[in-house]
Every structure is written in C-alpha cells, then in structure tokens.
Amino acid sequence: MARVVLAMSGGVDSSVAACLLRDAGHEVIGLFMRHGEPAPVACAIKNESFPADAKLGALPIVNPNMHKQGCCSAADADDARRVAERLGIVFYALNFESEFEQIIDYFVDEYSSGRTPNPCVMCNNWLKFGRICDYADSIGADYVATGHYAQLTPPASDDDFPALRRGFDGTKDQSYVLFGLDRGVLPRLLFPVGGYRKERIRELAHEFNLRVAAKRDSQEICFVPDNDHATFVRRRRGAEDLSGEIVLADGTVVGRHEGLEGFTIGQRKGLGVALGERRFVLRIERDTRRVVIGTRDELARGAFTAERANWLIDEPSEPLHCDVQIRYNSVATPATVLPLGKGRFRVEFDEPRHGIAPGQAAVCYHGDHVLGGGWIE
C-alpha cells in the first residue's frame, strides 16, 4: 500500500491508529516527538534528549499514575515503543525540544500580554504537521497520520483539496485545533480514528491487546505538568512584575492580583474577590496591568475582529454566513464573517456570545466542514 509516518504519543488513540494502518496493509513508521518540559518523575529518572533519527532503545518504565499524562514523558515514550514492538513496525524518537521552545515562548508571551494562547494549535502547525511532514519527505513517505479525531472528505476533482471535517465523535472532535494547517498538506494526511467514537477506540485497543487500552486521556498542556499555567509563566518570564488592580467596569478598585497571567476573558473562579454575586473577567489591560471584572451581561459581545487568517477553502471575498467556534470546548454558533483584507476578518454573531478572548482561535464551519479561521484580536 503506502508508507505512512504516524505520530505516536503513547496514548490509546495513536496506538489504535497504528493498528488500523497496519491492518490496512500500510508500511507504518512510528514517530515519537521528544519535546517540552519533562514531567517531574520522568525528569528525575533521566533528563536527556533522544538522538535524532536513532531507533529508540529501552526506556525506564514509569508508573503512569505518578505523573501527568502528556505526550512527551519517558513513560509515554515507553508505551509508544512497546506498541510499535507488538505490531512489528519501525519506531523512532526524534528530539524536537529546541523547536518546541518556540511554542513555550509563544505561550509565555501571550499570557504576559493579557491574551489567552492555544499552544495545541501552534504545535500542530509548527511540529506535528510541519516538522513531521519534513521528516516524511526525507524518508519518502506518502502520508502523515495522527490520532486526531477529525475526518477528511476526498476532493471533488483533481484540482481541488480534501475537506477537513469534524470527527465522528462530537465529544472528542479535534478539528478546531487543526484549522491552521496549510491547505496544501491535506492530501497527504490520514486520521485513522476520526470515523470512530472514543468508546469504540478503547474496545479496539482491548481487541488488539494493547497495554494502553485503559490509559487515561491527557487533560493538560504537555509542558505544564501540574496544570498551573500562572506559576509556569512566572517562572519562565523572570522578574517582570505584572501584578495590579482588579477593578469593576466603572473603574472602582475591588482588589489586587498577582499577575495578568492568572486570568482569561470569561473566567469566573479564582478572581480573589467576593462581591456577593458572580463576576467574570471582562478585559485584561496590559498597559495598566488591571483586570476588569463585571456581570455576565457585561461579558456579552456581538462582534470581534480576527487576524492571521488561514483558509482551507478559497479565501472569501464576500460576506460569509457560517458557524464560528471561539474556544476548543465551545459550541459553534451562527455568524457573518466579513473579509477585511490583509489576513483579517470581522465576525458578527447572530446572537451575542460570552467569553470572546483575544489570543484564542476563531474557527469557521459550514456544518461539520472546517472553512478556516484566525486569531481573535
């Protein structure tokens, strides 16, 4: 069939993807990306990089319950290697730590600027479908595959591109974080688990007798082991003081905060003030270092602009009515997208939305088809 490079994280999804690809007759080459900051236990065992283009040997076995379930720990690498060995497929670990510093720097800079970053989108754009495609080219691979819950529809003609669609399991759909892919790379992508529900993937893992069948899903950003974003940003940023006042929309000071990095638009918990009724973060002011809070009604917005647009269809030149999703776990809702030129567009919702956060992705859909998107200004 075809030679396929598969990104293997050591989780159940990419492991089942390996089984499905192998059983379809493909030559599968598993690739583990060593990147990010090690989980504490993995770091205590062995803090070193894997050699590029070198077959992975035995790694220390780490109890997966002792550290975060991410995508770059020694235990995850060991899980991926064991799956590859069981399936009889080639497996490599490549050192992407230096490239991943770009993603960490982006994460820190965005939070320090009062914006809310999405490192998973950046990882897909720069690493998973950037560097891995380069690696696939270097070994003459036809396709690149991942364990994402997304689907592709074949193009209508030889001159067209496949359409990126939501995963069949709406509760696990990951098409949102794939909006930034280069349209030209779509013809060589495979998403083997995208047409399944998650419970079926776990059933298949048991049927394939994979040791990762019951492994829990990652719920954290891989380079923030304890999910404490604010502390991570402060440690990486250094001595700069971003503490300041917490104020109401009218400017009334109601408290102080330790740093802008601890907040995102729409946040309700952890504000550090008690006013007798629910309050939400309305705005984060980098220049004054103030966090502005208010009621849910004050949080509602009917429109915003986005920049650095990436389109997986022909770039719109006229107003486009579609559904727009403003966060990974939010629901796409009807809106009109107005092209502004130079990679910018304006979104006008049919009904106001809450929690529109600068730095997050705004992804446009027609039904389950991803049209493209941009970054909220």
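Asp314 and Arg183 are joined by a salt bridge, as a carboxylate oxygen and a charged side-chain nitrogen come within less than 4.0 angstrom of each other. For the pair Asp228 and Arg234, the salt-bridge criterion is not met [side-chain N within less than 4.0 Å of a carboxylate O]. The pair Arg236-Asp105 meets the salt-bridge criterion, with a side-chain N (NZ, NE, NH1 or NH2) lying under 4.0 Å from an Asp/Glu carboxylate O. Salt bridge Arg286/Glu240: present, at least one basic N to carboxylate O contact under 4.0 Å. For the pair Glu207 and Arg200, the salt-bridge criterion is met [side-chain N within less than 4.0 Å of a carboxylate O].
Scanning for side-chain hydrogen bond (donor to acceptor under 3.5 Å, both in side chains) contacts around Glu315 gives an empty result, with sequence neighbours left out. The side-chain hydrogen bond (donor to acceptor under 3.5 Å, both in side chains) search around Arg3 returns Glu27, not counting sequence neighbours. Arg202 pairs by the side-chain hydrogen bond (donor to acceptor under 3.5 Å, both in side chains) definition with Asp217, not counting sequence neighbours. Applying the side-chain contact (heavy atoms from CB on, under 4.5 Å) test to Thr252 and every residue at least two apart in sequence or in another chain returns Leu248, Asp250, Val254. For Gln325, the side-chain hydrogen bond (donor to acceptor under 3.5 Å, both in side chains) partners are Arg166, not counting sequence neighbours.
Linking Ile, Leu, Val, Met, Phe, Trp and Tyr residues whenever their side-chain heavy atoms come within less than 4.5 Å places Ile284 and Val247 in a single cluster.
Note: Phe107 and Phe223 meet the aromatic proximity criterion, with ring centroids under 6.0 Å apart.
Between Trp375 and Val121, some side-chain heavy-atom pair lies under the 4.5 Å cut-off. In this structure the side chain of Phe345 never reaches within 4.5 angstrom of the side chain of Leu320, judged on heavy atoms. At least one side-chain heavy atom of Tyr176 sits less than 4.5 Å from a side-chain heavy atom of Asn118. Within the 4.5 Å cutoff, the side chain of Met33 has no heavy atoms near those of the Tyr135 side chain.
Every pair passing salt bridge (charged side-chain N to carboxylate O under 4.0 Å, His left out) that includes a residue from residues 135-154 is listed here, sequence neighbours excluded: Asp137-Arg188.
Taking CD1 of Ile265 as the reference point, atom CZ of Phe280 lies at 12.5 Å (rounded to 0.5 Å). If you take CZ on Arg278 and CG on Leu275, they are separated by 13.5 Å, rounding to the nearest 0.5 Å. Rounding to the nearest 0.5 Å places CG of Leu189 at 7.5 Å from OG1 of Thr146. Distance CD1/Ile313 to NE2/His366: 10.0 Å, rounded to 0.5 Å. The CZ atom of Phe349 sits 4.5 Å away from the OG1 atom of Thr333 when rounded to the nearest 0.5 Å. Separating the CG atom in Asp173 from the CZ atom in Arg165 is a distance of 10.5 Å, to the nearest 0.5 Å.
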**Study point:** Derivation and outcome, side chain to side chain contact (heavy atoms under 4.5 Å, CB included), residues Ser330 and Arg353
**Key:** CA-CA 10 Å; Ser330 71; Arg353 293 297 312 275; 4.1 Å; yes

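Between Trp126 and Tyr106, the angle of the ring planes goes over 60°, which puts this pair in the perpendicular group of the 30/60° scheme. Between His257 and Phe263, the ring planes are perpendicular. Angles over 60° get that label, and only those under 30° would be called parallel.
A donor-acceptor pair under 3.5 Å is absent between the side-chain atoms of Arg82 and the main chain of Val212, judged by distance alone. The backbone N or O of Ala93 lies less than 3.5 Å from no partner atom in the side chain of Arg81, so there is not a single donor-acceptor pair.
Atom OH of Tyr196 has 12 or fewer neighbouring heavy atoms from other residues, nucleotides or ligands inside a 6.0 Å radius.
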